[in-house]
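Labels below follow one simple rule: chain letters A, B, ... track the order of the sequence lines, proteins then strands, and each chain is numbered from 1.
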Amino acid sequence: RTSIASRYETVYRSTTAQEEAALNVATAQEADAALCPLQDASLGSLTVYVVPETSSVLPQGISVYVGKHRSALVRAGGSLVTLRARLRQLTQVMSFTASSIATALSDRMPDSQLSPDARRHLKSSLGTDTCPSPIPWPRGKPSGSADPKSHDVDWDIEDAVNRYVQPVLDKLSLVANFSVDSQILYYAVLGVTPRFDKETSSFILSAHSLPHVINPVEARLGSSAASLYPVLNFLLYVPERSHSPLYIQDKDGAPVSTNAFHSPRWGGIMVYNVEAPGSPQASLPLHVDVDMVRVMEVFLAQLRLLFGLSREELPPDFLLESPGNEGLADWELDRLLWAHTVENIATVSTTLTSLAQLLDKIGNIVIKDDVASEVYRAVASAQSAMAKLATGHLHSAFQASKEAVTSSERAFFDPSLLHLLYFPDDQKFAIYIPLFLPMAVPILLSLAKIVREARQRKKEPTKMD
Amino acid sequence: FQDQAEQFFRSGHTNNWAVLVCTSRFWFNYRHVANTLSVYMSVKRLVIPDSHIVLMLADDMACNPRNPKPATVFSHKNMELNVYGDDVEVDYRSYEVTVENFLRVLTGRIPPSTPRSKRLLSDDRSNILIYMTGHGGNGFLKFQDSEEITNVELADAFEQMWQKRRYNELLFIIDTCQGASMYERFYSPNIMALASSQVGEDSLSHQPDLGIGVHLMDRYTFYVLEFLEEIHPASQTNMNDLFQVCPKSLCVSTPGHRTDLFQRDPQNVLITDFFGSVRKVEITTETVSLDSDLAGFESK
């Protein structure tokens with residue numbers, strides 16, 4: 001039975017002079033930036049500054065401000081009880097809640113208890129690769145697709161990836177390694193014919209036709225042929241002139257502001273409409289310079305969702321600072337790590353239990369030495385991860401849990417552990433009896449004869465003359 | 001509330017895989033290859049991509065020296081439908097189709113040098129369709145005329161898959177003689193099984209073609225395919241209809257099915273949950289706000 005107990009260790013102290021100075025600025029953002037170098041910024045830790053009720057650093061009506069790093073500002077107000085409740089809620093938001101841990105353990109829990117969020121994000125997976133370097137995880141794959149007769153699309157993807165995507169991936173590099181490829185696909189087919197809407201004189205893709213868009217495109221992406229690891233595809237679709245402009249409508253028929261949708265565990269698609277040329281005589285193909293910032297805003301949002309970084313509903317007096325170009329705040333990374341560490345440890349325990357059951361069942365399976373050593377390593381790492389998790393050392397706990405999962409997967413998926421050895425007893429008899437019975441008959445008869453003669457010789461006294 | 005109720009009945013899968021296995025060799029077992037290729041074509045039509053299909057054919061009928069129409073495999077007499085078109089990707093061919101390789105594909109215990117197209121890279125949100133055809137008996141299925149896989153081994157392989165959460169739901173279809181014996185021993189959750197005949201019955205073939213000289217299809221698969229012709233990616237047809245396919249009057253054998261291990265009611269299981277690849281999508285409503293003026297190259 002799986003159960004989790006959590007504990008928060010709190011240390012109270014008064015502010016230092018430097019911190020006072022940092023808090024004495026006009027806006028919360030500046031305070032956050034100034035306080036950052038003064039903190040103990042280790043993974044898993046949080047610093048909360050309680051400011052007086054009258055302080056102006058927090059905007060009006062906001063009593064909790066969560067920064068980009070690992071700190072928050074809370075306005076003291078009302079009684080200690082309300083303050084404590086607020087602090088508790090804050091710490092849960094910034095680290096983990098019962099439901100986020102339940103999500104991590106989702107395959108051990110009955111389906112009905114899960115929120116839809118739980119199914120959306122990528123599970124941490126290490127595949128069956130046995131390469132000794134840190135295990136690569138998802139490959140981001142932005143793709144553009146267009147009709148070259150009418151649009152000459154120019155997208156500076158390399159620059160955009162370096163500027164906007166790479167910082168996010170660098171931050172997530174603790175969790176896994178990523179590689180990014182991009183491609184341009186010409187003459188890609190949507191698979192669904194968009195409907196023409198006379199009122200807005202545009203083409204509409206309704207919400208229920210979206211699921212059918214992905215598959216015809218995916219067959220041509222070729223991304224999955226290249227890699228053994230999960231691939232996240234981000235596709236920017238420039239509709240052909242005959243279907244421009246193309247808008248996505250949600251279930252209620254309202255247009256979607258981002259003009260994009262995503263699919264859990266797969267990636268996202270965004271439709272990029274190109275301005276129609278002023279005069280019909282404009283020469284084709286039109287040169288299109290894709291506005292990468294707009295595109296990246298959507299792609300990064302989709303990336304966040306696919307990683308499980310969704311924002312929960314918070315009371316109106318909470319203000320969460322947007323992480324901006326970094327893509328995710330430090331405390332969001334912490335949230336991911338808490339959940340992933342728990343998930344890894346749970347995976348290790350299931351894998352090793354299942355392996356033990358398999359070995360119990362097939363008595364005559366051969367365990368190679370390296371498989372055995374992987375199992376020992378997995379157990380040791382998992383125990384160390386659990387110990388470190390209990391003391392709150394998130395970074396080392398996560399590393400240990402990652403090692404544990406790698407070792408346990410290597411042990412479980414070792415090609416030598418294939419049990420083809422099901423020999424039911426009746427088959428054993430059926431095979432061996434026809435072989436041995438005919439041979440056994442003369443042997444047994446001769447043995448019987450020898451025994452009989454030996455006994456007779458003993459009985460008869462030797463004739464003596 | 002309507003939304004929540006819908007979600008409760010819908011499957012929780014995000015991707016689809018298919019493992020299609022033909023286990024018999026030799027020219028007179030043409031129909032088994034035609035069976036498998038026809039299911040392959042249907043599954044591709046319902047848009048499961050080749051990268052998610054593991055196709056195992058134990059013998060090459062299209063380029064068999066005895067094939068009077070080379071490079072074709074017909075599934076309907078009078079050569080109406082060539083299922084070996086331009087677009088067939090066979091992953092395990094000829095002597096590579098062995099019990100060992102099949103079990104390796106299912107359990108994932110594959111040597112590291114295996115190319116990606118030969119692997120079943122499913123995860124805990126994959127719905128897998130497994131179709132097997134060939135010659136079988138009570139409790140076993142014959143591979144290549146030289147070895148067998150027993151129902152116990154198959155059940156154990158599925159259990160190994162479940163332990164590692166390599167599937168969300170699994171649909172197992174088998175078209176052999178005494179096919180129902182193969183699913184008798186399953187004990188892992190979320191498996192639904194269909195077979196073309198009960199224990200003690202033989203599954204029969206459908207049409208001989210005088211031009212090619214062999215039987216082209218088996219009855220059960222023929223009627224299943226007729227049923228699948230009506231299905232398109234947006235169909236709402238459910239599994240109960242598939243259970244009715246090929247009654248005894250048409251099939252001569254009695255098809256069977258097993259749903260006790262399956263959590264959802266077959267009424268709520270769409271055919272496209274297994275045969276098609278309908279993705280779950282969500283509209284993206286959030287964006288991240290980016291500052292385009294920042295010099296991104298000086299990232300930390």
Side-chain angles (χ1 to χ4, degrees), chain A residues 107 111-112 116 119-120 123 125 128-130 162-164 166-167 170 207 210-212 214-216 218-219 224-225 227-228 248 250 256-258 260-266 268 293 296-298 300-302 304-305 322-325 327 350-351 354 358 412-415 417-420 422, chain B residues 3 7-8 12-15 44 46-52 99-100 103-104 107-112 115-117 119 121 123-125 149-150 152-153 156 159-160 162-165 233-234 263 276-292 294-297 299-300:
Chain A
D107 51 355
D111 237 8
S112 51
R119 303 206 188 122
R120 188 197 298 134
K123 282 227 167 312
S125 77
T128 61
D129 205 81
T130 54
N162 280 340
R163 267 181 186 235
Y164 305 115
Q166 202 56 43
D170 284 341
L210 292 178
H212 306 291
I214 296 184
N215 288 308
E218 180 176 14
S224 35
S227 156
L228 288 176
I248 299 179
D250 65 15
V256 173
S257 57
T258 56
F261 62 99
H262 58 272
S263 176
R265 308 276 185 107
W266 184 81
V293 177
M296 282 299 154
E297 286 184 345
V298 174
L300 284 178
Q302 290 177 334
R304 281 174 55 101
L305 283 170
S322 151
N325 280 34
T350 326
T351 309
S354 153
L358 168 66
F412 188 89
F413 283 114
D414 191 272
L417 287 177
L418 194 66
H419 65 298
L420 280 178
Y422 173 66
Chain B
D3 239 11
Q7 248 177 13
F8 181 72
H13 72 283
T14 61
N15 56 62
K44 273 184 75 159
L46 293 171
V47 215
I48 296 188
D50 266 314
S51 54
H52 286 236
V99 175
E100 180 184 338
L103 289 179
R104 281 194 191 281
T107 55
R109 294 202 169 95
I110 282 191
R116 196 217 175 267
S117 59
R119 294 181 187 239
L121 294 173
D123 54 34
D124 62 313
R125 292 272 149 236
I149 185 171
T150 56
V152 176
E153 284 172 343
D156 285 342
E159 177 63 13
Q160 296 275 294
W162 175 250
Q163 293 283 337
K164 276 314 274 172
R165 299 297 184 272
Q263 267 177 11
S277 177
V278 184
R279 304 269 184 183
K280 302 275 178 295
V281 294
E282 291 170 10
I283 305 280
T284 312
T285 47
E286 301 176 0
T287 52
V288 171
S289 56
L290 291 176
D291 188 353
S292 57
L294 278 188
F297 287 101
S299 59
K300 359 181 248 150

Worksheet item: Measuring from B:Thr284:OG1 to A:Phe261:CZ, what's the distance to the nearest 0.5 Å?
Response: 8.5 Å
Worksheet entry | From CZ (A:Phe413) to CD1 (B:Ile110), nearest 0.5 Å | 10.0 Å
Item to complete: Check whether any side-chain heavy atom of B:Arg104 lies under 4.5 Å from a side-chain heavy atom of A:Pro415, and answer yes or no.
Response: yes
Worksheet item: Which heavy atom of A:Phe412 sits nearest a heavy atom of B:Arg109, and at what distance?
Response: O-NE, 2.7 Å
Worksheet item: Relative to chain A, which of B:Ala234, B:Ser117, B:Pro49 shows the most heavy atom pairs under 4.5 Å?
Response: B:Ala234
Practice prompt. Please determine, among B:Lys164, B:Glu159, B:Gln163, the option with the most heavy-atom pairs under 4.5 Å with chain A.
Written response: B:Lys164
Worksheet, complete the sentence: d(B:Ile283 CD1, A:Thr258 OG1) to nearest 0.5 Å is 7.5 Å
Fill in: B:Asp123 side chain reached by A:Arg265 side chain, heavy atoms, under 4.5 Å
yes
Worksheet item: Contact part of A:Ile214 toward chain B, heavy-atom cut-off under 4.5 Å: side chain, backbone, both or neither?
Response: side chain
Item to complete: To the nearest 0.5 Å, tell me how far B:Arg165 CZ sits from A:Thr351 OG1.
Response: 10.0 Å
